Every structure is written in structure tokens, then in C-alpha cells.
Amino acid sequence: MPYVKNIRDFLHKEISIFPLITFRVLFGGMMFFSVIRFWLNGWIEELYIQPDFHFKFYGFSFVQEPSATILYTLFIVMAIAALCIALGLFYRIAAISFFLSFTYIELIDATYYLNHYYFVSLVSLFLIFIPANHNISLDVYFKRVKPKANVYSWNIWGIMLLLSIVYFYAGIAKLNYNWLVEALPLKIWLAPHTNIPIIGSLMDNEFTAYAFSWGGALFDLSIPFLLLNKKTRIMGYLLVIFFHVFTSILFPIGIFPYVMILSTTIFFAPKIHTRIWKSLAQRPNKTILNHSFTRKKITTTFLIIFFGFQILFPFRYMLYPGNLYWTEQGYRFSWRVMLMEKVGYAQFKIYPNKNNNYSIVNNSDYLTPQQEKMMSTQPDFILQYAHYLAKKNTTKDGLPKITADVFVSLNGQGSRRFVKPTIDLTTKSNSLLPIDWLEDY
Amino acid sequence: MLLYIKNSLIIITCSLALIGCKKKKENEQNPEDFDRNSLLENLGDNIIKPRYDDLNNTVNTLNTSIANLTIPVTTTDITNIRTQFKTAYLSWQSCSSFEFGPAANTTLKFNLNTYPSDTSVINNNITNGGYNLGTAANIAAIGFPALDFLLFNDTNVSNTTAFFNDVTNGNKRLTYLKDVSVYIKNSVNTVHNSWQGSYLSTFKNANGTDVGSSIGLLINSLNLDFEKFIRDGKVGIPVGKRSLGTALPEKSEAFYSKYSLPLLEESISSLQNLINGNGELTGSIGFDDYLNHLGAKHGNDNLSTKINNQFASINQKLSVLTNSIDREVIDNQANVNALYDELQKLVVLLKVDLSSALSVLITYQDNDGD
């Protein structure tokens, strides 16, 4: 297996630790900042404590919502862990704590899913296994670990690959008829932005939507290569800054543009990072990295499995019939970022006595506006909510029958019926099998 | 090699974009250009402000008449006041879509029109005095619904005069009537003053697309009003949509005065005029024009046409009704159900299609996007 050997050798080449140091400090710092921001915005209360009901990812229905005390404790743990990652203090415990608390919080309610939260979970999982605290860290300062000048190259390549996958797959996802030929949804999204400075008057021009659609797709597909190639790196990075700053002006996308801008600094040449950290570097003595052959083999195997999964998982939608954007089976965890304009409206009818008498549910009695909005367009959430309603409205006659009038507009094509209106949703269960209770797209 | 192709593609795209800029600049006087500022100007100057002016006037007139009442109250007094009450209540219908900014700060909708009124709370307040109308406990004992009860608890005018001329309780009842009226007047005055003052320009200047922009606020507010207060409150709940099809006539608006039908008609026509930008002055730039400018479609139709057709369907179902809603839900429940179905279709068009076309975030929460 010469290829595996080549891969193994490549992954275990020694390179400077300092790109990793930059990444660790920036990532920890940003995560600390975003946890504090989340808290100060009152989102812990609003998103996790106030709602009576939480939606779950398939297979994670066991995740319980913790009490308010535990929740706040988790956020404190997360903030401290992020800070410790940045400072390189009790690094491994911090990385584990951050990964677990962050991921756990994300699993509590699936309607808050964001691709970038998934990205943060993946990165923090990866950080657990790499020695990012072996320089410029309090762990070295307190002599908890030995300082290193070098790490194995997979430590840095892994992060670069994770970032590259985000961009490249976001680009692949854009290679579809609506995006390229119809310039949708950007045609819809850009048009109202005529008030932004300088180029505002272009925003409702159809040409602009096409330029942005094609430009965006090209950007996503090419940016990993532009950043990897020494000759195009500077231009690539300037494009990264321009792209993310620009999209953050146009769309409400929180802190993630900045996460990407700062994270991609890891692509810069090691000598740049080394120069930046020079004055703070802790005895960059020549440490020999002497992992055993077996350990290298195991590492290589794990990396191939981990990244193989990352590369294959987004394509699982191909296993499902129907329109991906309509059914959203295989849509999440696939780097489909801001890809469609989908709005829905869902009304549920409860028939408690199995006759024709029904009551219409007032969704705001059970859901927050954000939950209602996400539920109205995503079949698995519609079903979970219907089951919850059934449980809440069970009478002595047993479970009620529940039907739904759901209307969805995809990419501004007009509202259309989404769920088959006569189907009793209590008879359907969430599964990974193709959904049979939606209207055809 | 591949890299260089990609680089060149980017450069080509960028230059194309720049050429696009140049071209567009030359054509800036394009008559098809739609101006969000003129939309906001028309909505603010020509619709919202005049409607609040009217509400303020009618509420002031009503309050003056009520404040001047003395015992013995005459049938002429009551007849006049009932008419003024109807005028003011109708005027309110055209303002209930504007529950943002000043109205949201004053919780105007709750102060003015929380129904059904709770007559036991009203009677307790009258008997015991010492009430504070601004507390949550009194939310169903104030506003137009409380006046509705006090002025129409008996459709016979002379019985209502007797109600206020009663030897033991008349004085207390009259005081309560006056207090409720003043509370309405003060709430409306506060909101009206803000729109007279700086808020009108705040409204016209917030021409962006974020959650706090004027278009975002107005669309979210009119959607909430139409869904929860018009479709559900005025029609759905009385006709039994929350009660397994059993009609609940006592939940209808203006239950005592039986004005519910004209009030409903007024709220529907106000909403249609708001969407089409039709106000009292000239000029009618509305959301219909904006939708046409954006090329918003519903299937093969223009969305603006589809929305106005849906208003026509609603009006058609409304025209079948003759009595007050509380009567119709008992006598002709099927007709009211048919009206509900048409209202429901408009909810979808407004909440899904209109909001989507305007890129308004239908959410009352701020959060991270993707």
C-alpha cells in the first residue's frame, strides 16, 4: 500500500508549531467572545429556557434540556474553556470541555442549527487531539508540558482541510440550476438592499444578482486553492476578507464572517507565524517528535476515516428521491450555506375524538417565533411538533388525530401546499427513510 | 494551470461586475427604479399619520362628550355618545396594524381592544373603586370593549340611561365610564404625539432591510395583526376554530353593541389600502408597486394581483354576512367558516409570499444567521 505510506509520511512531516498557535489563540478568543455575546444578548434565556418544547436531530432525541442552573453553568464552563484554549492552560481538558458543552448545547434544539455551529464542533473536536498548547501557552509556562518548535503536519493540514471543505462544499452546493441560471435566491435577497452606500443602486439590478451568484460560487470553489498556493495566497486572503465583510453587511449572519476571516490565517506560511510569535516563543528548542510507527499508523487511519466521512456525508442526499430543497433530506451538515429562500406557514388541526370536529392550534402557545419559523419549512420538525401536540392533547379516548395545512414558498416561486392535508401525522414516524407525506415539489 | 484559469475567471467576473456598475450609473433615471424612500414617505405621511390623526380626533371627541356627562344622563346623550363610540372604534381598526414604535411602547392595542371584556372585573372596579386601569389585572376591563359593555349593556337606550342614573351605583358607573374614556384618550394621545413629533422621520429614515427597519416592522406588525387579531380574534375564535367547531359568540368583538361586522369590514379595507398604499392624499406608492418592481410572482400571476384578488374573495364572503358576527356564527356558521378559509389564504399570501418577496425576516427574535 504505497499510497497509504505516502499519506502517512506526508501527515507526519515536521512543521513549525506557530500556525497552530495563531489558530489556537484566535479560535479560543473568538469562542470566548461569542459565548459572552450569546449570554449578553439574552439568548440563553430566550432560546433555551423560555421554550416549552425543543426540536431534536434524528438520533439525538435522548438529549434532555438541562435546568436553568445547569445551562448557565454550561455556558460558564464553555466561556472558561474557550479562554483556556486561547491561553493554552489545561489545554486538553479545556478542549474536551469546550467540545462537549458546545456540542451538547447545539443538540438541545435543532431549530437553531447553523452550519457554522457544526464547524465549531468539528474544529473543537479536532483540537482535542493536537498539541496546540506546546508553545506560547500557560501550560508550558507552568511546566505542565514541554515546549515544542514543531508539530506533525497533519495537525495543521487537518484544520486547513476542515476550512477547505466548508468553502469547497459550499461552492459545490451552489452548482445548481436555481443558483446559476436563475440567480436565485440572491435575486430576491439583494433587491431590497438599495440603501447600502455606493453600490446600493445596483442591488435591484438583475445583473448584480447574476454576478454575485457566479462570483460567490467561484469564490467558494477556488478559495481553498488560492489560499494553498503561495503565489495566490495574498489575493485569496484579500478576497476572503472582502467576501465575508461584504456578506456580513448584506445579511444578518452574526460573528461567523469574522470566524472565517481569522481562521483562514492558518494558511499563511509558517515563517510568518513564527515571526509574529518570535518575542513570546518559549525556548523553541529542537524537540524530536518520536511517535511510534504503530501510533502513526493509527493516527493515519483515524484521519482517513474522519475526513472520509466529512467528504462523503454531504452527498447522502443522493440516496433520497425528490427535490433536496423541498424535502431537506440530507440538507443539514453539508455546508449548504444561504442557498435558498424558503418561507412557510403551518397550521395544525387536532381531532381529539376521531370525528370531524377539530381545533386549530395557536403555534405561539407552544413555540417561540424562531422555532415556529424553522418548523414551518422543515418536514422532520413538522412531524416532531405534531407528535408533541398529540401528546399534549391526549384525552381519555387516546391520541388525537392531527393534520396540518402547511404552505411553503421556495425561492419566491409562490406558496404551495407542502404537507398532504389529510394525512394523520401521528401515524407517521421520523426516520431516515424517504418521506411519503409531503406533496410533490 | 487550473489555478490560473480560476484566477482569470475571478478577474473576469470582477471586471464584468465593474462594467455592470458603469452601465447602470448611466441609466440611473430609469423609470422602473423603485424608491423605498418614497414608499416609506407615502406610508408615513399619507397613511399612518392621517389615520392616527383621525383616531386622535375621534377619541378626543368621544372623550369630551363623556367627560361632560352629568346625572341625570339623557337618551340624547347616550345616543350621541354611542355614535361617537362607533366612529372612534371604526377609526381604531385602521390603526391596529401599526403596533410597533410608539404604539408598541404604549401597548396601544392591548389598552384599546382586548376582548372579550371581563364584566365581573368591570363591575368589581365600579363597586369597589380604587382601581388602577394600567395594571395587567384590568386589561379586560378597559378600552373600547369596556365602553362597549358600559354603553350597550342594554340595547335599549333608556335602560342605559337608567343604568347611569341609578340612585345607588349610577355615580360610580359614570365615573368608571369617564376613567376608561380618559385612559383610551391618553393612550392614543401619547402615540399620536410621537407620530406628530420625531417618530415620523424615524420611520421614514429607517429604510433598510434589517429586523428593525420600518418595512420589516410594519410587515411583521400587520402580519401579526391580521393573523392573530383579525383572522383569529374577530372570526376564528367566535366561529369555533379553537373549540372543536363549537361557536363562541360571546368572544366576538363589540359583543354588546353588535358592531362587529362593520368593524371587521373596516379592518379588512384598511389593510388592503395600507398594502396598496392608498391614503387620503394623492399618491399611492404601496407594497403592490414594490412587489411589481421586484417582479414577485405567485405561480404565473403577479403577487400583487394575487393578493388583491384574495381581498376580493374575502369581501365576497363578507358580503354574504348581514348580522353581527356573534349572530352569524350561530345562525350561519358555514358562511363564517367560508370567510375564515378566505382569510386563511390571505395569511399565507402575506406571511409567506409577501414577506419572502420583500426579504423581511418573519421573526420577532434576533439571532445568528448562517
Side-chain angles (χ1 to χ4, degrees), chain A residues 41 43 46-47 112 114-116 188-189 191-195 199 201-202 204-205 207-208 211 214-215 218-219 221-222 225-226 229 231-232 235 239 251-256 337-338 341 343-345 347 352-353 356-360 362 364 368-370 373 405 407-409 412-415, chain B residues 2-3 6-7 9-10 13-14 16-17 20-21 23-25 28 33-37 207-211 215 228 232 236 240-246 293-299 301 303 306 344 347-349 351-353 355-370:
Chain A
N41 279 337
W43 290 346
E46 210 174 291
L47 301 183
Y112 309 143
L114 292 180
N115 286 299
H116 286 97
I188 303 171
W189 286 343
H193 288 275
T194 45
N195 65 317
I199 52 169
S201 66
L202 296 174
D204 55 359
N205 187 329
F207 184 86
T208 312
W214 283 73
L218 272 176
F219 169 84
L221 289 170
S222 57
F225 305 103
L226 296 181
N229 188 311
K231 284 183 187 152
T232 53
M235 182 184 90
L239 279 172
F251 308 116
I253 43 181
I255 59 154
F256 289 108
V337 184
M338 302 211 60
E341 162 72 10
V343 182
Y345 181 70
Q347 291 272 279
N353 308 315
N356 288 333
N357 294 336
Y358 62 85
S359 285
I360 293 179
N362 183 11
S364 55
T368 65
Q370 173 71 11
K373 175 182 146 196
D405 290 315
F407 295 87
V408 164
S409 172
Q413 288 163 344
S415 49
Chain B
L2 202 58
L3 277 176
K6 273 174 179 146
N7 286 347
L9 277 175
I10 284 180
T13 313
C14 292
L16 277 176
C21 297
K23 246 192 190 155
K24 177 71 196 189
K25 280 264 158 62
E28 233 166 28
D33 271 355
F34 183 87
D35 191 351
R36 288 166 73 91
N37 293 321
N207 60 0
T209 51
D210 50 313
V211 176
I215 287 179
K228 303 279 184 211
D232 289 352
K241 291 295 174 190
R242 293 277 151 73
S243 47
L244 295 176
T246 308
H293 168 75
L294 294 170
K297 298 275 181 192
H298 184 282
D301 303 326
L303 180 56
K306 186 86 185 167
Q344 165 71 7
V347 169
V348 173
L349 288 176
K351 221 176 163 178
V352 176
D353 295 275
S355 308
S356 175
L358 301 183
S359 277
V360 169
L361 295 168
I362 286 288
T363 171
Y364 316 98
Q365 259 171 340
D366 181 26
N367 73 324
D368 273 334
D370 215 338

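Every heavy atom of this structure was used, including side-chain atoms; hydrogens, water molecules and symmetry mates were not. The shown structure was predicted, so the numbers you read here are calculated from the model rather than taken from an experiment. Quick note on labels: first sequence line is chain A, next is B, and so on, each numbered from 1.
- Scanning for side-chain contact (heavy atoms from CB on, under 4.5 Å) contacts around S364(A) gives N362(A), K228(B), with sequence neighbours left out.
- For a residue to count as touching a neighbouring chain, one of its non-hydrogen atoms must lie under 4.5 Å from one of that chain's; by this rule S243(B) touches chain A with the backbone only.
- In this structure, chain A has a heavy atom under 4.5 Å from the backbone of L358(B), while its side chain stays farther away.
- The CZ atom of F407(A) sits 9.5 Å away from the CG atom of L349(B) when rounded to the nearest 0.5 Å.
- Each of R242(B), K306(B), H298(B) has some count of heavy-atom pairs under 4.5 Å with chain A, and the biggest count is that of R242(B).
- Shown here for L244(B) and N357(A), the closest heavy-atom pair between the two residues is O-CB, 3.5 Å.
- Remark: L294(B) CG to I188(A) CD1 distance equals 9.5 Å, nearest 0.5 Å.
- With a 4.5 angstrom heavy-atom cutoff, N207(B) touches chain A via backbone and side-chain atoms both.
- Taking the side chain as every heavy atom from C-beta outward, V348(B) and D405(A) never approach each other to under 4.5 Å.
- With a threshold of 4.5 angstrom between heavy atoms, A357(B) approaches chain A through N, CA, C or O but not through any side-chain atom.
- For F251(A), no part lies near chain B; criterion is any non-hydrogen pair under 4.5 Å.
- Listed by chain and number, the residues in a salt bridge (Lys or Arg N to Asp or Glu O under 4.0 Å) with R36(B) amount to none (sequence neighbours excluded).
- For the set A191(A), S359(A), G414(A), the entry with the most heavy-atom pairs within less than 4.5 Å of chain B is S359(A).
- Residue Q413(A) touches chain B through its backbone alone, counting heavy-atom pairs closer than 4.5 Å.
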